[in-house]
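Contents: one structure, followed by commentary.
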Amino acid sequence: MGEGRAALVLTGGGARAAYQVGVMVAVREVWGRRPENPFPIICGTSAGAVNAVALAVFSANFDQAVRKLAYIWRNFRVDHVYRADTPAIMQSVLRWGSALLLGWLIHQSPRSLLDNAPLRLLLEEQLDFSAIGRSISAGSLHAVSVTASGYTSGESLAFFQGAEELQPWRRAQRVGLRAELQVEHLLASSAIPFVFPAVRINREYFGDGSMRQLAPISPAIHLGAERILVIAGGRRSEEARQRTDAYPSPAQVAGHAMSSIFLDGLAMDLERMERINATVGALSPEQRRASGIGLRAIETLVIAPSQRLDYLAARHRAALPRALRLVLRGVGATRKNGSVLLSYLLFERGYTRALMELGYRDAMARRDELARFLRVEPARPAA
């Protein structure tokens with residue numbers, strides 16, 4: 001295939017997004033630690049949106065961008081993302097308990113289980129959003145997009161900032177809208193339902209971009225991508241169904257719902273792209289023009305965890321602050337069958353470092369594929 005404009009697509013998954021950073025460390029190694037940005041198009045959703053915008057902000061020097069991102073994720077603590085101290089957790093428990101028992105009396109609903117004000121402070125301190133425009137003007141970045149889900153419209157909205165020639169788009173339940181990206185877009189995109197509060201942008205409240213995201217790869221294609229590296233935040237279990245007599249815990253149900261939000265849309269979109277590529281590949285350019293088929297083949301490389309991240313999270317559950325650990329234990333999140341929920345909320349460095357190491361190993365196991373995608377010769381370790 002030709003060179004084509006490369007895109008990076010980073011999916012959602014809360015703390016699981018540390019896996020993406022491990023993959024990026026491997027990409028930097030295969031790329032040769034050049035300062036040039038290999039991904040002129042960067043698209044992110046949920047926690048992946050935070051990583052995407054961080055890479056866009058520092059896109060003038062890709063090597064430094066990955067270094068900065070890796071440093072933050074290697075040293076993450078829960079209290080960098082949400083308040084997990086005892087007073088905050090107890091206040092949340094009381095607020096939700098009062099709403100359930102006395103909602104008819106107080107006429108006020110709690111906004112979220114957790115207070116993510118620390119995340120806003122972290123993003124404002126670490127990211128200079130004005131650098132995105134400078135990188136676009138300098139040519140080191142073509143476009144960056146952040147996807148959020150509108151609670152009123154039900155639409156999946158990709159806010160994008162990019163070159164002047166890029167145009168907004170509208171498809172069924174999918175919209176691309178030009179915007180100057182700010183911290184609100186990241187908070188909206190990563191607002192996991194019930195866990196973090198929705199964010200108002202213009203006239204609507206938005207939540208996690210993985211909700212109702214039927215085509216996670218679509219923004220990259222609309223922004224001009226011809227080859228796409230997708231870094232997934234998990235994989236569907238391939239284990240055989242087992243007999244169980246125990247009723248599923250609230251954490252198990254919540255984890256199942258989260259996996260449906262974060263994983264199902266990507267799997268279906270990739271299958272759809274494979275079918276389109278097969279159809280396009282079976283026709284010559286002349287046949288496509290004669291038939292009025294405007295589709296084009298998209299080169300795609302997908303890197304996903306080789307291990308179950310819920311089991312990995314379960315090994316690090318003791319790192320959580322005590323009050324939060326007690327609450328999660330109460331809903332079954334610290335048990336093996338409920339640790340999927342834990343894997344999204346465990347922003348602690350023992351777990352994030354393990355995820356980064358897994359991401360690095362998974363990517364380096366496909367070094368040759370990465371090199372082909374990046375159009376570079378794979379560097380070999382010294383004998």
Side-chain angles (χ1 to χ4, degrees), residues 4-13 16-17 20 39-49 51-53 142-162 166-179 181 185 188-193 201 204 206-236 257-281 293-304:
R5 187 173 276 145
L8 176 66
V9 173
L10 302 175
T11 62
R16 292 178 175 216
Q20 301 168 356
F39 303 106
I41 299 170
I42 308 175
C43 303
T45 302
S46 191
N51 286 339
V53 169
H142 183 66
V144 57
S145 76
V146 169
T147 299
S149 180
Y151 277 114
T152 301
S153 66
E155 293 179 326
S156 177
L157 206 157
F159 297 97
F160 72 89
Q161 187 171 348
L166 294 173
Q167 297 297 317
W169 64 87
R170 176 174 287 278
R171 299 291 186 270
Q173 296 299 306
R174 293 183 285 119
V175 178
L177 180 67
R178 182 178 288 275
L181 297 179
H185 296 96
S189 182
S190 57
I192 300 173
I201 300 176
E204 187 174 8
F206 288 88
D208 197 290
S210 297
M211 296 187 293
R212 308 195 73 171
Q213 190 180 33
L214 303 177
I217 304 173
S218 173
I221 297 174
H222 281 289
L223 295 173
E226 296 178 65
R227 49 193 172 99
I228 303 173
L229 172 62
V230 181
I231 307 178
R235 63 190 183 104
R236 274 299 186 184
M258 283 190 174
S259 292
S260 298
I261 291 172
F262 290 121
L263 303 181
D264 288 351
L266 177 62
M268 291 186 291
D269 204 20
L270 288 170
E271 288 181 3
R272 182 163 51 243
M273 179 170 290
E274 288 177 2
R275 291 196 299 269
I276 292 173
N277 282 346
T279 301
V280 171
I293 298 176
L295 300 173
R296 67 182 190 275
I298 303 292
E299 179 185 353
T300 307
L301 176 61
V302 182
I303 297 180

For the residue pair [X] and [Y], establish whether any side-chain heavy-atom pair is separated by less than 4.5 Å.
{"X": "Arg5", "Y": "His142", "answer": "yes"}
{"X": "Leu301", "Y": "Val230", "answer": "no"}
{"X": "Ile231", "Y": "Val9", "answer": "no"}
{"X": "Pro216", "Y": "Thr45", "answer": "no"}
{"X": "Pro193", "Y": "Asp208", "answer": "yes"}
{"X": "Ser156", "Y": "Gln173", "answer": "no"}
{"X": "His222", "Y": "Arg171", "answer": "yes"}
{"X": "Phe159", "Y": "Ile201", "answer": "yes"}

Quick one about Thr300 and Arg227 (side-chain donor to acceptor, distance below 3.5 Å, no hydrogens or angles considered), yes or no? no
Sidechain-backbone polar pair: Glu226 side chain, Ala7 backbone, donor-acceptor under 3.5 Å: no
Given 3.5 Å as the limit, does a donor-acceptor pair link the side chain of Glu204 with the main chain of Ser153, or not?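 A pair under 3.5 Å: yes.
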Applying side-chain contact (heavy atoms from CB on, under 4.5 Å), run through Val53 and Val146 and close with a yes or a no. CA-CA 8 Å; Val53 169; Val146 169; 3.5 Å; yes
Compare every heavy atom of [Y] with every heavy atom of [X], then report the nearest pair and how far apart it is.
{"X": "Ile228", "Y": "Ile217", "result": "CD1-CG2, 3.3 Å"}
{"X": "Leu166", "Y": "Ala143", "result": "CD1-CB, 3.5 Å"}
{"X": "Ile298", "Y": "Ala225", "result": "CD1-O, 3.6 Å"}
{"X": "Pro219", "Y": "Cys43", "result": "C-SG, 4.1 Å"}
{"X": "Asn51", "Y": "Ala17", "result": "ND2-O, 3.3 Å"}
{"X": "Ser46", "Y": "Ser189", "result": "N-OG, 2.7 Å"}

side-chain contact (heavy atoms from CB on, under 4.5 Å) between Thr11 and Gln20, intermediate numbers included: CA-CA 9 Å; Thr11 62; Gln20 301 168 356; 4.0 Å; yes
Parallel, tilted or perpendicular, as decided by the 30° and 60° cut-offs, for the rings of Phe160 and Trp169: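 Parallel, since the angle between the ring planes stays under 30°.
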Residues His185, Phe206; criterion side-chain contact (heavy atoms from CB on, under 4.5 Å); working and verdict: CA-CA 9 Å; His185 296 96; Phe206 288 88; over 6 Å; no
Nearest 0.5 Å, please: how far is CG in Leu181 from CD in Gln161? 5.0 Å
Can we say Arg170 and Glu155 salt-bridge, meaning some charged N sits less than 4.0 Å from an Asp/Glu carboxylate O?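 Judged by the 4.0 Å cut-off on N to carboxylate O distance, Arg170 and Glu155 do form a salt bridge.
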